[in-house]
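Index from 1, following the sequence.
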Amino acid sequence: MVLLRLLLLVFISFPLLGEENSESKSIEAKVEFGIYLPKAGGSISNLKSTAYFKDDLGYTGSQASYLAFSLVTKYDYVPCFKLSYFNMNDNQDATLASPATFVSIPYASGVGTVIDYQVLNTVIYYDLKSKGNYVTFFGSPFYTGDLEFDVGVNIKTITWKYKVRDLTDSSNSSAFINVNELVFAPSIGVKYYLYDFIAYAGASALSFSTAKSTSYEAELDYRVVGGLYLSIGYMYNQFEALDKLDTVDFSMSGYKASFKYAF
C-alpha cells in the first residue's frame with residue numbers, strides 16, 4: 001500500500017510540471033528506480049538472550065527494491081520534498097550457537113526466520129544555494145560548481161515484521177515480532193553540482209519518538225542524456241524499537257544503483 005500511494009503521488013504531480021525548459025520551471029520533479037544491495041546487522045535482545053542477525057541468524061547479503069520521487073520548488077517560503085521507499089524481504093535457516101528466546105518462546109537449536117522490512121522517508125526541506133564562479137585553470141576557464149545545503153525534517157514510516165520457527169521441534173510455537181513506528185528526525189544534506197555531475201551526502205538522526213532511527217547516504221549522479229541520470233551510492237539505515245519484551249536493533253548498509261529521470 002505504501003508503494004501504491006507513492007506511485008499515485010508521482011502521477012498526480014506530473015500535470016504540475018508544465019512544458020517549460022529547466023531554467024524557467026517553477027517546479028522540478030525527478031523520479032528514481034533502483035536496487036539496494038545491503039548487508040544486515042544488529043540484534044534482538046531481551047532479559048534471557050541476545051541473538052545477532054549476522055552471526056547467529058545467518059543474515060549476510062540481501063536485496064531491496066528502491067523508489068524515490070522529489071519535487072523542488074523555486075517559490076519563496078515553499079519547501080521542497082522527497083519521498084523515498086525501499087522494501088527488503090529475506091529468510092534464513094540457521095543453527096544457533098546458544099539457545100535464544102524470542103517473544104518469551106525459547107529456541108534451542110535450528111531456527112528458520114523471515115524478515116519483511118519497509119521504510120518510507122518523507123523529507124520536507126528548504127534548500128540554500130550558492131552559485132559558483134569561473135576561474136582560469138592552465139589558461140582555460142573552469143566553472144567551480146554550485147553548492148546547495150538542505151535543511152528540514154524526515155518523517156520516517158518503519159514497518160518491520162519478523163517470524164521465527166523451530167526447525168528441530170515442530171510442536172514449538174512460532175514467534176512473531178512486529179515493529180510499526182512513525183519517526184520524526186532532523187534532516188541535513190549537501191549537494192555539489194558540476195557540469196553533468198551531482199554529488200550528494202545527507203543524514204537523518206536524533207529522532208523525536210519512542211523509537212530511534214539513524215540513516216545516512218552518499219551518491220553520485222551522472223547525466224547521461226537529457227533528463228536521464230545514472231546514479232550510484234551508499235546507504236545506511238538503522239532503527240531501534242521495543243516490541244513486547246524484545247528490543248530490536250536492526251541495520252542495513254550497502255550500495256545502491258539506480259536510474260533517475262528529471263522532468
Side-chain angles (χ1 to χ4, degrees), residues 2-36 65-86 119-133 143-157 183-205 215-235 237 256-263:
V2 172
L3 181 58
L4 289 176
R5 290 197 295 267
L6 181 55
L7 288 172
L8 180 61
L9 180 58
V10 170
F11 290 116
I12 288 176
S13 301
F14 283 169
L16 300 175
L17 305 181
E19 300 295 334
E20 309 97 327
N21 59 50
S22 59
E23 294 299 324
S24 61
K25 285 180 182 177
S26 297
I27 299 177
E28 296 179 345
K30 185 178 289 185
V31 293
E32 179 181 2
F33 301 91
I35 187 171
Y36 181 30
S65 56
Y66 182 87
L67 173 65
F69 172 64
S70 61
L71 279 181
V72 176
T73 67
K74 295 186 178 180
Y75 297 107
D76 292 338
Y77 309 112
V78 177
C80 309
F81 78 90
K82 176 181 178 180
L83 298 176
S84 63
Y85 169 84
F86 68 81
V119 175
L120 174 65
N121 292 290
T122 304
V123 181
I124 304 172
Y125 67 94
Y126 287 94
D127 55 349
L128 306 172
K129 296 183 175 67
S130 176
K131 298 291 290 183
N133 298 299
Y143 191 64
T144 58
D146 301 334
L147 197 60
E148 173 185 315
F149 295 95
D150 301 335
V151 180
V153 60
N154 184 3
I155 306 170
K156 181 176 295 188
T157 304
V183 174
F184 295 82
S187 175
I188 59 172
V190 59
K191 292 180 182 177
Y192 176 64
Y193 301 84
L194 182 63
Y195 299 109
D196 290 327
F197 291 92
I198 304 174
Y200 171 77
S204 176
S215 60
Y216 58 82
E217 62 181 309
E219 64 181 9
L220 179 66
D221 297 349
Y222 172 70
R223 188 173 70 88
V224 180
V225 60
L228 180 63
Y229 291 80
L230 176 63
S231 177
I232 56 173
Y234 183 88
M235 295 198 311
N237 292 272
K256 174 177 72 74
S258 62
F259 289 98
K260 298 180 181 180
Y261 191 81
F263 296 88

Parallel, tilted or perpendicular: rings of F81 and F69 (30°, 60°):
perpendicular
Using modelled atom types and a 3.5 Å cut-off, is there a donor and acceptor pairing between side-chain atoms of T122 and backbone atoms of L83?
no
List for me each residue that meets side chain to side chain donor-acceptor pair (under 3.5 Å) alongside Y143, sequence neighbours excluded, and say none if there are none.
D146
Where at least one partner belongs to residues 188-199, residue pairs that pass side-chain hydrogen bond (donor to acceptor under 3.5 Å, both in side chains), sequence neighbours excluded
E148-Y193, D196-R223
So which atom in N121 and which in N154 form the shortest heavy-atom distance, rounded to 0.1 Å?
OD1-ND2, 3.1 Å
So, do Y85 and L120 sit near enough that their side-chain heavy atoms are less than 4.5 Å apart?
yes
Evaluate the criterion side-chain contact (heavy atoms from CB on, under 4.5 Å) for residue pair Y66 and I35; output intermediate values, then yes/no.
CA-CA 5 Å; Y66 182 87; I35 187 171; over 6 Å; no
Under the side-chain contact (heavy atoms from CB on, under 4.5 Å) criterion, do D127 and V72 qualify, and how do the steps go?
CA-CA 9 Å; D127 55 349; V72 176; 4.0 Å; yes
Please give me the minimum heavy-atom distance between L230 and F259, naming the atom from each residue.
CD1-CE2, 3.9 Å
Would you find a donor on one side and an acceptor on the other, under 3.5 Å apart, between the side chain of Y234 and the backbone of E219?
no
If you compare all heavy atoms of A205 against all heavy atoms of P186, which two are closest, and at what distance to 0.1 Å?
O-CD, 3.0 Å
Do S84 and E32 come close enough that some side-chain heavy atom pair is under 4.5 Å?
no
Before we go on, tell me: are the rings of Y36 and F86 under 6.0 Å apart, centre to centre?
yes
Taking the side chain as every heavy atom from C-beta outward, state whether K156 and V119 have any atom pair closer than 4.5 Å.
yes
Among all residues two or more places apart in sequence or in another chain, which pass the salt bridge (charged side-chain N to carboxylate O under 4.0 Å, His left out) test with K30?
none
All salt bridge (charged side-chain N to carboxylate O under 4.0 Å, His left out) counterparts of E217, not counting sequence neighbours:
none
D150: partners by salt bridge (charged side-chain N to carboxylate O under 4.0 Å, His left out), with sequence neighbours left out:
none
Rounded to the nearest 0.5 Å, the OG atom of S231 sits from the NZ atom of K260 at a distance of 4.0 Å
Would you give the length of the straight line joining atom OH of Y216 to atom OG of S204, rounded to the nearest 0.5 angstrom?
13.0 Å
Working to the nearest 0.5 angstrom, can you tell me the gap between I27 CD1 and K74 NZ?
11.0 Å
Determine the minimum heavy-atom distance between S187 and V123, stating which atoms define it.
OG-CG1, 3.7 Å
Sorted by chain and number, sequence neighbours left out, ring pair (Phe, Tyr, Trp, His ring centres under 6.0 Å) with Y261 holds for F263
Any chance you could lay out the side-chain contact (heavy atoms from CB on, under 4.5 Å) test for S215 and N237, step after step, and finish with the verdict?
CA-CA 4 Å; S215 60; N237 292 272; 3.5 Å; yes
How close do L71 and A29 get, counting heavy atoms only, and between which atoms?
CD2-CB, 3.5 Å
How far apart are the closest heavy atoms of G202 and Y200, and which atoms are they?
CA-OH, 3.5 Å
